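Quick caveat, the model's predicted, so the values are computed rather than measured. The first residue in the sequence is number 1, and the count goes up from there. Counting starts at 1 for both ligands and their atoms, following the listed order.
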Amino acid sequence: MTETPQNSTTNKHPDQHLDKTLDRDCTTLSRHVLQQLQSFGPNAQDLSALMSRIALAGKLISRRFSRAGLMEDVLGFTGEVNVQGESVKKMDIYANEVFISVFKQSGLVCRLASEEMEQPYYIPENCPIGRYTLLYDPIDGSSNTDINLSLGSIFSIRQQEGTDLDGEAKDLLQNGRKQLAAGYILYGPSTMLVYTIGKGVHFFTLDPSLGEFILTQENVKIPNHGGVYSVNEGNFWQWSEPYREYIRYVHSTKGYSARYSGAMVSDIHRILVQGGVFLYPGTIEKPQGKLRLLYETAPLAFLIEQAGGSASTGEIDILEVVPTKLHQRTPLIIGSPENVEKVKSFVKAVEV
Ligand code: P6P
């Protein structure tokens with residue numbers, strides 16, 4: 001056996017490297033949630049179980065996407081139009097059903113509210129009913145479904161307040177600071193789950209060989225400033241003058257690059273990692289913009305604020321907006337604090 005010289009710098013036990021790798025591979029999502037909360041109490045156990053269910057939904061949807069091109073009747077349109085007035089893809093319906101199936105028997109939730117459903121889905125009385133509500137966009141970026149580009153799912157978890165006996169789900173019409181957990185699943189070259197429970201933002205990457213999301217980065221912080229601006233400039237003719245002025249500014253200032261994929265989760269993930277700003281302003285056709293508050297802009301705002309970024313409608317923080325209806329839309333400016341402030345400076349200039 002080769003002796004390790006006493007004065008060697010490698011006097012660490014060789015297994016310490018192994019322990020570190022093994023420990024990382026064993027830091028599953030459910031364990032990480034309990035570590036974050038430093039508790040094994042019922043609320044912590046609930047959140048851990050909820051996140052495990054989100055992970056299962058992500059694995060099922062990721063598996064479907066990876067095989068979509070090889071299967072019949074997975075891609076393409078259903079021929080239906082959803083409550084948003086958008087043509088529905090077959091994957092939208094599949095993903096929506098996955099979240100319902102995964103949570104229906106969980107005993108964790110009482111309702112699921114989705115972009116694809118006009119009214120929330122209430123857990124049937126013959127199923128165990130929980131205290132939480134899942135709000136989600138099952139597939140964000142559906143336009144990318146049939147062209148094999150990245151897309152995502154967005155989720156938000158709130159605790160039910162009151163009894164909702166009238167089935168109006170009025171307790172959901174509260175600002176985004178009521179969220180207990182939020183995040184997204186990014187179906188890209190690898191599948192990632194990015195989440196917060198109000199204690200920082202953490203990256204998990206799906207290891208298909210394990211069938212587990214493995215912790216790959218903790219306490220992610222967004223750069224204070226970045227050179228990426230992400231917006232659909234095809235809407236330029238529909239924007240108010242301040243947004244046009246901001247675009248003219250980035251067009252004439254060195255150091256900016258445009259990146260826009262058609263899937264907000266993908267674009268915002270880039271900005272979370274590299275810095276910059278994503279914006280979807282109001283337009284002539286949609287004065288409040290296209291994006292929905294409760295299951296798109298609010299969960300992303302919660303997450304980006306936790307990473308040190310900011311998210312605004314242009315007038316107030318996204319997390320301060322109190323919706324009057326389930327599918328309410330908001331304009332969105334989100335990303336690095338300095339970039340968001342720059343956009344707001346153009347918008348505010350008009351108000352003076
Ligand atoms: P447009 C996808 O439908 C989505 O909600 C976001 O993921 C995406 O950023 C945006 O809409 C794309 O909308 O009008 O630019 O095609």
Would you mind writing out a table of all protein N or O atoms found under 3.5 Å from any N or O atom of ligand 1, naming both atoms and giving the distance to 0.1 Å?
residue, atom, partner, partner atom, Å
ligand 1, 3 (O), K290, NZ, 3.3
ligand 1, 7 (O), D140, OD1, 2.7
ligand 1, 7 (O), D140, OD2, 3.0
ligand 1, 7 (O), M264, N, 2.8
ligand 1, 9 (O), M264, N, 3.3
ligand 1, 11 (O), K290, NZ, 3.0
ligand 1, 13 (O), K290, NZ, 3.0
ligand 1, 14 (O), Y280, OH, 2.6
ligand 1, 15 (O), N232, ND2, 2.8
ligand 1, 15 (O), Y260, OH, 2.5

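- The pair K178-E320 does not count as a salt bridge, with every side-chain nitrogen at least 4.0 angstrom from each carboxylate oxygen.
- Salt bridge absent: D140 and R292 never bring a charged side-chain N and a carboxylate O closer than 4.0 Å.
- Ring to ring, F155 and Y136 are not that close: their centroids are 6.0 angstrom or more apart.
- Relative ring orientation between Y195 and H202 is described as tilted, the plane-to-plane angle lying within the 30° to 60° band.
- Taking a cutoff of 4.0 Å between a charged side-chain nitrogen and a carboxylate oxygen, R248 and E241 qualify as a salt bridge.
- A distance of 6.0 Å or more separates the ring centres of H251 and Y256.
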